Amino acid sequence: MNDAPAPLRIGNASGFYGDRFDALREMLTGGPLDVLTGDYLAELTMLILGRSRLKDPGKGYATTFLRQLEEGLGLAHERGVKIVANAGGLNPAGLADAVRMLAEKTGVPATVAHVEGDSLPVPDGYLTANAYLGGAGIAACLRAGADVVVTGRVTDAALVTGPAAAHFGWGPDDLDALAGAVVAGHVLECGTQATGGNYAFFREHDARLLRRPGFPLAEIHADGSSVITKHAGTGGVVDIGTVTAQLLYETGGARYAGPDVTARLDTVRLTPDGPDRVRVDGVRGEAPPPTLKAGLTRLGGWRNEVVFVLTGLDIEAKADLVKDQFTDALAQAGGRPPAEVRWELARTDRADAGTEERASALLRLVVRDQDADAVGRTVSGAAVELALGSYPGFHVTAPPGKGAPYGVFEARPVPAAEVEHLAVLPDGTREVIEPAGRTRELAEVEEPPLPEPYPSGTPTRSAPLGLVAGARSGDKGGDANVGVWVRDDDAWRWLAHELTVERLKELLPETAALTVVRHVLPGLRALNFTVHGLLGEGVAAQARFDPQAKALGEWLRSRSLAVPVPLLADVPLPEVTA
């Protein structure tokens, strides 16, 4: 007789503030669930909510979530599904009150609780300051009978560790189980990125399946192991590759630290468990670090942008002319130029093109300064005044504006003991969640041994890395990460020795002057690179064409290097834009 408790089915219906609105309904009606989570917060979102709260102190939360609940609250009640979301943002108490009002209005007998305490004293010059809390407060709310739990800034994985701990009775010393739930939570947190969205090998799957990927769910077991899957009949695909890609997303080394536990990503074991099912087990956990991550946002200054369109012949000469003219126009206007002036020429043009757009390149000008006037009318005026006296075919993609403020995200450690983590239960009781009793300072693991090198002397040919390797990349503040993985042992023998830090810098020249750290994850046949400082002051500052490094991995995959010929056997050639 098997006395093991049934798995806890936890689904996700939001990977960011702005994700598919009807996903909450789809997840509630598409199949059985016990808990439905929603991740609405990102580094940029906290800045957006901070500015929203300046206009209306009663806001500061994700209003989309409340609109989704107008129908979803009743559906969840009918199906016995708990809802856990970090949509509370900067005002979880305000959102909890709004959910109660909605429940009363719709006649749904839902009990509501919330988690607070993440809000920290805001230093001078900053807009928001929030610690990343763990899942223990969520667990306390659910144990007290809450049907809906809303939080402020918790870790993304806490939306899964909290419900799992409440359901299975895990305590803070159940480190392996908690670590397994953290890994499952990390796979779920970005929604359809786990079910074929943004996936490197998308061409290997039926395009009709990828048109509208279903959202993921995890069947969590009492030991912390899980099966990642999706509702039957929904789009997308779940396989070893899609799960591996998401595991590498916005992570670093083997130790993945959080407030509940430090999960060892080098112990993760992935195995197929049937169609659209991947089993995740073997995850080991260690005591969490004594500090929590705190995110701070502030207004960094002012920026403006002008994109000049250059068409036809003499693209480089046209770019040189307008740059010289613009510089001279600023000098003629008097005053000082903006503190930062950046030009980037994107050669999107094609020779003898059949349409004007394909014959055109884009010259992007970005200016920044602490003074709004320095990037405002002076800059836009200088650009507009060139309209009739510059290169032939002069035009811009949009009229230059007066400039706009940009934000900055900073991450700092804060002692966990200094943060008051509070679970506000359905009856109003305020339960203090004590920090972890056991902690362990975070340190890099000793680099694991590499596999035997691929046989020397094997014939090679120049080919894009992406023919044999997948990648996924993202941002953490001003740093970027790019995870690269392969799908068989022969390719791993080659990749582990070929893609060094030095080779990565050769393939991605923008990283050449930056500090790059390589992490080796043999169990996933993966390398994870952290590129420090690539994104400047972070996504809100928009210092780069791709401010969140979302396509950094695809740029890497497009770069050619000497690949052993046997690894290219039966590999479909990529589409090439002519």
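Predicted, not measured: the structure shown is a model, and the values here were computed from it. Counting begins at 1 with the first residue of the sequence.
- You'll find the side chain of Leu217 stays beyond 4.5 Å of the side chain of Ile10, heavy atoms only.
- Annotation: salt bridge (charged side-chain N to carboxylate O under 4.0 Å, His left out) contacts of Glu554 (sequence neighbours excluded): Arg557.
- Using modelled atom types, no side-chain atom of Thr242 and backbone atom of Val238 make a donor-acceptor pair closer than 3.5 Å.
- Within a 6.0 Å radius of CD in Glu357, other residues, nucleotides and ligands contribute 12 heavy atoms or fewer.
- For the pair Arg364 and Phe308, the cation-pi criterion (under 6.0 Å, within 45° of the ring axis) is not fulfilled.
- The ring pair (Phe, Tyr, Trp, His ring centres under 6.0 Å) test applied to Tyr256 returns His186, not counting sequence neighbours.
- Within 6.0 Å of CD in Glu356 there are 12 or fewer heavy atoms belonging to other residues, nucleotides or ligands.
- For Ile48, the side chain to side chain contact (heavy atoms under 4.5 Å, CB included) test picks out Leu44, with sequence neighbours left out.
- Salt bridge absent: Glu444 and Arg255 never bring a charged side-chain N and a carboxylate O closer than 4.0 Å.
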Take Val227 and Val280 through the test side chain to side chain contact (heavy atoms under 4.5 Å, CB included) and record every step on the way to the result. CA-CA 6 Å; Val227 172; Val280 183; over 6 Å; no
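- Of all the heavy atoms in Ala164 and Ala181, the pair that sits closest is CB-CB, 4.4 Å.
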Given the rule in the side chain to side chain contact (heavy atoms under 4.5 Å, CB included) test, do Thr458 and Val565 qualify, once you have shown the distances and angles that lead to the verdict? CA-CA 7 Å; Thr458 303; Val565 170; 5.7 Å; no
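- With respect to the salt-bridge test (charged N to carboxylate O, under 4.0 angstrom), the residues Glu410 and Arg412 qualify.
- In this structure, Phe201 and Trp485 have perpendicular ring planes: the angle between them is above 60°, well past the 30° mark.
- Annotation for Ala13 and Leu24: closest pair CB-CA, 3.7 Å, computed over non-hydrogen atoms.
- Contact annotation: the side chain of Leu561 approaches that of Leu465 to within less than 4.5 Å [non-hydrogen atoms, C-beta and beyond].
- The one candidate from Asp176, Leu178, Thr161, Asp173 that meets the side-chain contact (heavy atoms from CB on, under 4.5 Å) condition with Val261 is Leu178.
- In this structure, Leu450 places its CG atom where more than 12 heavy-atom neighbours from other residues, nucleotides or ligands lie under 6.0 Å away.
- Closest heavy-atom contact between Ala319 and Leu310: CB-CD1, 3.8 Å.
- When all heavy atoms of Val154 and Asn86 are compared, the closest pair comes out as CG2-CB, 4.2 Å.
- Residues Thr262 and Pro289 are in side-chain contact: their nearest non-hydrogen atoms beyond the backbone lie under 4.5 Å apart.
- Looking at Trp343 and Val366, their side chains never come closer than 4.5 Å, going by heavy atoms from C-beta outward.
- Residues that satisfy the salt bridge (charged side-chain N to carboxylate O under 4.0 Å, His left out) test with Glu204, not counting sequence neighbours, are Arg487.
- The shortest side-chain heavy-atom distance between Leu270 and Leu524 falls under the 4.5 Å cut-off.
- In terms of the salt bridge (charged side-chain N to carboxylate O under 4.0 Å, His left out) criterion, residue partners of Arg279 (sequence neighbours excluded) are, by chain and number, Asp281.
- Here Asp206 does not pair with Arg203 in a salt bridge; the nearest charged N to carboxylate O distance is not below 4.0 Å.
- For the side chain to side chain donor-acceptor pair (under 3.5 Å) criterion with Asn198, the lone passing option out of Lys550, Gln193, Arg472 is Gln193.
- Tyr391 pairs by the ring pair (Phe, Tyr, Trp, His ring centres under 6.0 Å) definition with Phe394, not counting sequence neighbours.
- Listed here is the closest heavy atom pair of Gly407 and Leu47: CA-CD2, 3.4 Å.
- In this structure, Ala158 and Gly134 approach most closely via the heavy-atom pair CB-C, 3.5 Å.
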Take Arg269 and Asp266 through the test salt bridge (Lys or Arg N to Asp or Glu O under 4.0 Å) and record every step on the way to the result. CA-CA 9 Å; Arg269 188 166 55 229; Asp266 54 349; over 6 Å; no
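- Under the side chain to side chain contact (heavy atoms under 4.5 Å, CB included) criterion, Lys505 pairs with Val501, Thr511, Val516, not counting sequence neighbours.
- Put simply, the side chain of Val183 reaches to within 4.5 Å of the side chain of Leu265, judged on heavy atoms.
- By the 4.0 Å N-to-carboxylate-O rule, Glu305 lies close enough to Arg303 to be salt-bridged with it.
- A salt bridge (charged side-chain N to carboxylate O under 4.0 Å, His left out) with Glu219 is found for exactly one of Lys230, Arg9, Arg277, namely Arg277.
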Full working for side-chain hydrogen bond (donor to acceptor under 3.5 Å, both in side chains) between Asn481 and Glu250: CA-CA 6 Å; Asn481 102 284; Glu250 295 183 348; over 6 Å; no
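- A salt bridge is defined here as a Lys NZ or Arg NE, NH1 or NH2 lying under 4.0 Å from an Asp or Glu carboxylate O, and Arg347 with Glu316 meets this definition.
- When the salt bridge (charged side-chain N to carboxylate O under 4.0 Å, His left out) test is applied to Asp174, no partner is found at least two apart in sequence or on another chain.
- Every residue was checked against the side chain to side chain donor-acceptor pair (under 3.5 Å) condition with Arg493, not counting sequence neighbours, and none meets it.
- Between the side chain of Ser14 and the main chain of Asp39, a donor-acceptor pair closer than 3.5 Å is present.
- Salt bridge present: Asp489 and Arg525 bring a charged side-chain N and a carboxylate O closer than 4.0 Å.
- In this structure, Pro259 and Pro288 have side chains that are not in contact, with every pair of non-hydrogen atoms separated by 4.5 Å or more.
- Among residues two or more places apart in sequence or in another chain, the side chain to side chain contact (heavy atoms under 4.5 Å, CB included) test is passed with Asp320 by Lys323.
- By the 4.5 Å heavy-atom criterion applied to side chains, Val237 and Asp276 are counted as neighbours.
- Scanning for side chain to side chain contact (heavy atoms under 4.5 Å, CB included) contacts around Glu43 gives Tyr132, Lys293, Phe409, Asp475, Lys476, with sequence neighbours left out.
- The side chain to side chain donor-acceptor pair (under 3.5 Å) test applied to Tyr454 returns no partner, not counting sequence neighbours.
- Classification of Arg212 and Asp22 as a salt-bridged pair holds, one side-chain N sitting under 4.0 Å from a carboxylate O.
- The closest side-chain donor-acceptor pair between Thr311 and Asp349, if any, does not fall under 3.5 angstrom.
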